[in-house]
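Data first, discussion second: the structure below is written as structure tokens.
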Amino acid sequence: MPEGPEIRRAADNLEAAVKGKPLTDVWFAFEQLKPYQSRLTGQRVTHIETRGKALLTHFSNGLTLYSHNQLYGVWRVIETGKIPETNRVLRVRLQTLDKTILLYSASDIEILTPEQLTNHPFLQRVGPDVLDLRLTPDDVKARLLSPRFRNRQFSGLFLDQAFLAGLGNYLRVEILWQVELTGQHKASQLSDEQLDRLAHALLDIPRLSYNTRGLVDENKHHGALFRFKVFHRDGEACERCGGIIEKTMLSSRPFYWCPGCQH
């Protein structure tokens with residue numbers, strides 16, 4: 001399942017295609033959304049926001065399209081007038097003069113007023129987004145030490161969108177490898193120095209993944225690129241200590257770690 005960095009990059013692609021352009025046609029598959037087709041035609045997409053794995057497409061008349069891809073949903077950008085070959089079921093079409101964005105297979109789709117957006121059950125539960133640049137390491141440290149989260153094992157906590165939105169399995173294992181901790185650790189057990197390292201890693205690694213994942217490191221002067229240190233690398237040598245990376249299951253998801261330096 002895509003994690004926060006992949007969802008944000010998808011939102012960037014959608015924004016690049018349609019942001020600020022008048023919508024020439026709007027279509028929804030679900031009957032309860034069809035009344036909004038005429039209300040949104042002629043409007044513009046002002047921006048697309050991510051809240052973890054949810055996308056919020058904001059329109060110039062104040063309405064917002066809420067969509068959560070769950071396991072199967074996917075957005076596509078096409079040239080207007082072209083029909084993609086796919087077996088997926090189309091749910092949403094937002095068309096401009098030159099580009100059209102399409103949402104396939106998703107079932108969790110709503111149109112929200114500003115008041116409904118504020119009171120939406122999922123958005124009220126979800127924590128701050130790791131890619132929100134207003135979020136600081138001090139904010140994350142305070143969240144780690146809060147009564148709600150301080151005694152939860154990281155293996156489950158880092159998959160809980162109520163803690164920090166946008167984290168997922170590959171980020172979970174890469175962050176813990178970076179700070180030399182295991183999935184069984186809890187914030188209440190850590191020293192102040194460990195908490196500081198963890199709070200920074202919880203922001204730095206997702207942001208590095210968003211900014212660089214998929215790029216080729218042809219110019220070393222551009223700084224580090226994100227690459228997996230342990231994820232899907234079981235049986236290989238740890239680049240930090242030379243130990244052998246292992247795979248187990250934690251919180252019902254595959255977990256990768258190095259017993260040699262994560263303890």
### Task
May I have the step-by-step check of salt bridge (Lys or Arg N to Asp or Glu O under 4.0 Å) for Asp12 and Arg8, ending in yes or no?
CA-CA 6 Å; Asp12 291 345; Arg8 184 62 254 174; 3.1 Å; yes
### Query
Is Gln262 close to Arg240 at the side-chain level, that is, under 4.5 Å between some pair of heavy atoms?
yes
#### Entry: Polar side chain donor-acceptor pair, Thr96 to Asp98, under 3.5 angstrom
yes
### Message
Please check: side-chain N/O of Glu236 versus main-chain N/O of Ile244, any donor-acceptor pairing under 3.5 Å?
### Response
no
### Summary
Residues joined to Met249 in its hydrophobic cluster, side chain to side chain under 4.5 Å directly or through other members, sorted by chain and number, are none
### Query
Side-chain contact, heavy-atom cut-off 4.5 Å: Glu110 with His120?
yes
### Query
Using the benzene-type ring in the case of Trp, are the ring centres of Tyr36 and Phe59 under 6.0 Å apart?
no
### Task
Using atom types as modelled and distance alone, determine if a side-chain donor or acceptor of Arg93 lies under 3.5 Å from a backbone N or O of Trp27.
no
### Task
State plainly whether one hydrophobic cluster holds both Val77 and Leu102, where clusters connect Ile, Leu, Val, Met, Phe, Trp and Tyr through side-chain heavy atoms under 4.5 angstrom apart.
no
### Message
I want to check something: taking the side chain as every heavy atom from C-beta on, are Lys21 and Leu97 in contact at a cut-off of under 4.5 Å?
### Response
no
#### Entry: Pairs where residues 67-90 contributes a residue and the test salt bridge (Lys or Arg N to Asp or Glu O under 4.0 Å) is met, not counting sequence neighbours
Glu79-Lys99
### Message
Surrounding CD of Gln32 (heavy atoms of other residues, nucleotides or ligands, distance under 6.0 Å), is the total greater than 12?
### Response
yes
### Task
Look only at the side chain of Arg51 and the backbone of Pro128, and say whether a donor-acceptor pair between them is shorter than 3.5 Å.
no
### Message
Are Phe255 and Phe228 linked, directly or through intermediate hydrophobic residues, by side-chain heavy-atom contacts shorter than 4.5 Å (ILVMFWY only)?
### Response
yes
### Query
Does any N or O in the side chain of Arg9 come within less than 3.5 Å of the main-chain N or O of Tyr210, such that one atom is a donor and the other an acceptor?
yes
### Task
Answer yes or no: is there a donor N or O on one side and an acceptor on the other, between the side chain of Gln124 and the main chain of Pro121, under 3.5 Å?
no
### Task
Report yes or no: does Asn119 contribute a side-chain atom to a donor-acceptor pair with the main-chain N or O of Glu115 at less than 3.5 Å?
yes
### Query
Do the side chains of Leu55 and Leu14 get nearer than 4.5 Å, heavy atoms only?
yes
### Message
If I take atom CG from residue Asp129 and atom CZ from residue Arg134, how far apart are they, to the nearest 0.5 angstrom?
### Response
10.0 Å
### Message
Tell me whether Glu49 contacts the main-chain N or O of Leu56 through its side chain, where contact means a donor paired with an acceptor under 3.5 Å.
### Response
no
### Query
How far apart are the C-alpha atoms of Leu190 and Leu144, what are their side-chain angles, what is the distance that settles it, and do they pass the side chain to side chain contact (heavy atoms under 4.5 Å, CB included) test?
CA-CA 10 Å; Leu190 302 187; Leu144 281 165; over 6 Å; no
### Message
Could you tell me if His185 and Gln194 have a donor-acceptor pair between their side chains, going purely by distance under 3.5 Å?
### Response
no
### Message
Using side chain to side chain contact (heavy atoms under 4.5 Å, CB included), reason through Trp177 and Ile245 one step at a time and then give a plain yes or no.
### Response
CA-CA 10 Å; Trp177 180 87; Ile245 295 165; 5.9 Å; no
### Message
Can you confirm whether Val92 sits close enough to Thr57 that some side-chain heavy atom of one is under 4.5 Å from a side-chain heavy atom of the other?
### Response
no
### Task
Is it possible for you to say whether Ile7 and Leu171 belong to one hydrophobic cluster, with membership spreading through side-chain heavy-atom contacts below 4.5 Å?
no
### Message
Main chain of Phe28, side chain of Gln37: is a donor-acceptor contact present, judged purely on distance under 3.5 Å?
### Response
yes
### Query
Taking it one step at a time, do Gln153 and Thr182 satisfy side chain to side chain contact (heavy atoms under 4.5 Å, CB included)?
CA-CA 9 Å; Gln153 291 189 351; Thr182 71; over 6 Å; no
### Query
Between Gln178 (side chain) and Ile205 (backbone), is there a donor-acceptor pair under 3.5 Å?
no
### Task
Could you go through the side chain to side chain contact (heavy atoms under 4.5 Å, CB included) check for Arg207 and Leu135 one step at a time?
CA-CA 12 Å; Arg207 291 170 183 180; Leu135 187 66; 4.0 Å; yes
### Listed once per pair and sorted, the salt bridge (Lys or Arg N to Asp or Glu O under 4.0 Å) pairs that draw on residues 166-181, sequence neighbours left out
Glu180-Arg197
### Query
Minimum heavy-atom separation for Pro5 to Pro206, with atom names?
CG-O, 3.5 Å
### Query
What orientation do Phe163 and Phe158 show, parallel under 30°, tilted 30 to 60°, or perpendicular over 60°?
parallel
### Residue from Thr100, Val18, Val26, Thr24 passing side-chain contact (heavy atoms from CB on, under 4.5 Å) with Leu94
Val26
#### Entry: Lys53 vs Phe122 side-chain heavy atoms within contact, under 4.5 Å
no
#### Entry: Mutual orientation of the aromatic rings belonging to Tyr66 and His68 [parallel < 30°, tilted 30-60°, perpendicular > 60°]
tilted
### Message
Would you say Leu176 ends up clustered with Phe226 if hydrophobic residues are merged whenever their side chains have heavy atoms under 4.5 Å apart, either directly or through other cluster members?
### Response
yes
### Message
Quick one, Leu103 and Asn69 - any side-chain contact, counting heavy atoms below 4.5 Å?
### Response
yes
### Query
Hey, what's the ring geometry for His47 with His58, parallel, tilted or perpendicular (30° and 60° as the breaks)?
parallel
### Side chain to side chain, Ile109 and Leu65, heavy atoms closer than 4.5 Å
yes
### Query
Does Val140 belong to the same Ile/Leu/Val/Met/Phe/Trp/Tyr cluster as Leu145, with side-chain heavy atoms less than 4.5 Å apart forming each link?
yes
### Query
Counting N and O atoms only, with roles assigned by atom type, does the side chain of His200 sit under 3.5 Å from a partner on the main chain of Asp196, one being a donor and the other an acceptor?
yes
### Query
Looking only at side chains, do Thr46 and Ser60 share a donor and an acceptor under 3.5 Å apart?
no
